[in-house]
Amino acid sequence: MKCTRYERWLWDELEGRLSAVQTQELRSHLQACPRCQRQWEVVQATHQALRGLPRRHAPERIRQQVRAQIQQARAPKPVVAWWKRVALAPALGLIVAAAWWGWLASQSDAPLPPEVSTTQQHSENWVEIHEQLEVADWSPTPTPNYFITTGYTR
Amino acid sequence: MCSDTVSYTGRRIELDALSAEAQLVERAQAQDETAFEQIMNLYADRLYSYILRMVGNSSDAEDLLQETFLRAYQGLPGFDGRASLSTWLYRIATNLCIDHQRRRARRVQTVSYFATEDDGGETSEWEFPDLQTPDPMQSVLNRELQQVVEHAIDLLSPKLRTVLLLYDVENLSYEEIACVLNIPIGTVKSRLNHARGQIQKHVEVYLRGESK
Ligand SMILES: [Zn+2]
């Protein structure tokens with residue numbers, strides 16, 4: 001019965017979370033109980049192995065790619081010359097008028113066109129999305145609701 | 001779960017490091033390109049090691065680290081310093097890893113209908129050992145034990161693995177992990193106990209084999 005209590009103390013002892021009195025009590029128990037002594041060795045080895053796990057080196061190309069994407073996002077958009085804009089305006093007007101006329105004609109008795117699935121067009125590729133992000137109001141910070149909405153916790 | 005101010009009681013955070021970090025963030029927010037570069041250099045290896053152990057293969061880990069940095073860059077203007085920079089970065093990385101695991105689980109589920117015996121399914125690609133700073137004193141036994149532990153971590157459920165890696169490998173405090181995962185501190189502790197218990201079983205079997 002008592003052993004369960006001391007087993008719970010082993011990690012606390014390693015992390016210095018026990019009081020001096022508790023430490024003394026644990027040490028005495030370990031001397032008297034081979035089972036807990038064995039467990040103590042296992043906990044120490046586990047702790048040491050976890051703390052000693054090596055850092056892995058992140059390849060430099062990852063940072064290069066991030067830099068490149070940031071540069072790309074920051075690059076100014078090409079400026080359209082004023083005369084091109086002037087020339088574009090009547091053309092756009094014509095397109096809108098034609099579309100309006102076409103819609104009016106189709107309203108008479110033609111069947112409805114099939115709906116275009118916008119979800120199909122959504123690419124899962126984050127990078128692609130982010131190439132268009134200069135204009136999007138996008139919050140990359142995970143919201144507190146993230147785990148709740150995705151059902152990750154509890 | 002995140003406190004309104006950065007937790008100075010976190011067991012391994014030092015005040016000097018925090019103020020240096022705050023200055024770095026300020027500079028990065030003021031569009032100082034070298035500051036973001038510094039942030040990447042500071043955290044690349046830490047985050048990469050963590051992500052690699054979370055997802056189990058280097059190719060996915062590289063993609064996820066890249067995405068972590070891009071999201072951090074995009075989110076910097078809104079970063080208000082309520083959590084420390086490292087907590088915030090781990091949070092972005094963790095969310096991406098969880099998303100990734102969920103997508104992968106769906107894919108495996110779909111693929112398994114057609115899988116043949118030769119496929120072997122999705123296997124992790126651990127490459128042991130790759131010590132960045134080799135310690136000549138480290139014995140072969142210790143390395144073996146580390147491999148046992150790495151394998152045991154790989155077998156944990158994502159929930160347990162996340163908490164164990166953040167606490168025992170990445171040195172985050174209970175409070176910081178609660179903030180990263182948006183869960184109560186009590187849940188962090190119970191998951192950690194559970195995870196450690198499972199790792200210990202593998203270590204125990206290994207040590208028993210060694211002592212024979
Ligand atoms: Zn005992």
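It should be emphasised that the depicted structure is a prediction, and the values quoted were computed from it without experimental measurement. Reminder, nothing fancy here: chain letters follow the sequence lines and each chain counts from 1.
Only the side chain of B/Phe36 comes within less than 4.5 Å of a heavy atom of chain A; its backbone N, CA, C and O stay farther away. Heavy atoms closer than 4.5 Å to chain B are found nowhere in A/Glu7, neither backbone nor side chain. B/Glu144 does not touch chain A: none of its heavy atoms, backbone or side chain, sits under 4.5 Å away. With a 4.5 Å cut-off on non-hydrogen atoms, A/Gln39 touches chain B through its side chain but not through its backbone. Using a 4.5 Å cut-off between heavy atoms, A/Gln71 touches chain B through its side chain atoms alone. Contact annotation for B/Leu164: only side-chain heavy atoms (C-beta onward) come within less than 4.5 Å of a heavy atom of chain A. In this structure, the portion of B/Ile153 lying under 4.5 Å from any heavy atom of chain A is its side chain and not its backbone.
Distance check, rounded to the nearest 0.5 Å: CG of A/Leu53 to CD of B/Gln147 gives 11.0 Å. Atom NE2 of A/His47 sits about 13.5 Å away from atom CD1 of B/Ile199, to the nearest 0.5 Å. The CD1 atom of A/Ile70 lies 6.0 Å from the CG atom of B/Leu70; values are rounded to the nearest 0.5 Å. Interatomic distance, B/Phe69 CZ to A/Arg63 CZ, rounded to the nearest 0.5 Å: 7.0 Å. Between the NE2 atom in B/His202 and the OG1 atom in A/Thr46 there is a gap of 10.5 Å [rounded to 0.5 Å]. Once rounded to the nearest 0.5 Å, the distance linking CG of B/Asn171 with CG of A/Leu50 reads 10.5 Å.
For A/Gln37, the side chain to side chain donor-acceptor pair (under 3.5 Å) partners are A/Glu41, not counting sequence neighbours. For the side chain to side chain donor-acceptor pair (under 3.5 Å) test, residues two or more places apart in sequence or in another chain that qualify with A/Arg61 are B/Glu62.
For the residue pair B/Arg208 and A/Arg38, the shortest heavy atom distance occurs at N-NH2, 3.6 Å. Of all the heavy atoms in A/Ala58 and B/Asp45, the pair that sits closest is N-OD1, 2.9 Å. Across every non-hydrogen atom of A/Glu15 and B/Tyr167, the tightest pair is OE2-CE2, 3.1 Å. Between A/Ala45 and B/Leu145, the shortest heavy-atom distance links the atoms O-CD2, 3.7 Å. Nearest heavy-atom pair, B/Val203 versus A/Val42, reported as atom, atom and distance to 0.1 Å: CG1-O, 4.0 Å.
With a 4.5 Å cut-off on side-chain heavy atoms, A/Pro54 and B/Arg143 do not count as touching. With a 4.5 Å cut-off on side-chain heavy atoms, A/Gln48 and B/Asn142 count as touching. Within the 4.5 Å cutoff, no side-chain heavy atoms of A/Val43 are placed close to those of B/Arg196. Between A/Trp11 and B/Gln200 the shortest side-chain heavy-atom distance falls below 4.5 Å.
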* Worked verdict on B/Asn193 versus A/Arg8 for side-chain hydrogen bond (donor to acceptor under 3.5 Å, both in side chains) -> CA-CA 9 Å; B/Asn193 283 340; A/Arg8 262 189 255 125; over 6 Å; no
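At distances below 3.5 Å, at least one donor-acceptor pair connects side-chain atoms of A/Arg51 with backbone N or O atoms of B/Asp168. Side-chain atoms of B/Ser49 come within 3.5 Å of backbone N or O of A/Arg56 as a donor-acceptor pair.
A/Arg67 and B/Glu37 are joined by a salt bridge, as a carboxylate oxygen and a charged side-chain nitrogen come within less than 4.0 angstrom of each other.
The environment of NE2 in B/His194 is sparse: at most 12 heavy-atom neighbours from other residues, nucleotides or ligands sit within 6.0 Å.
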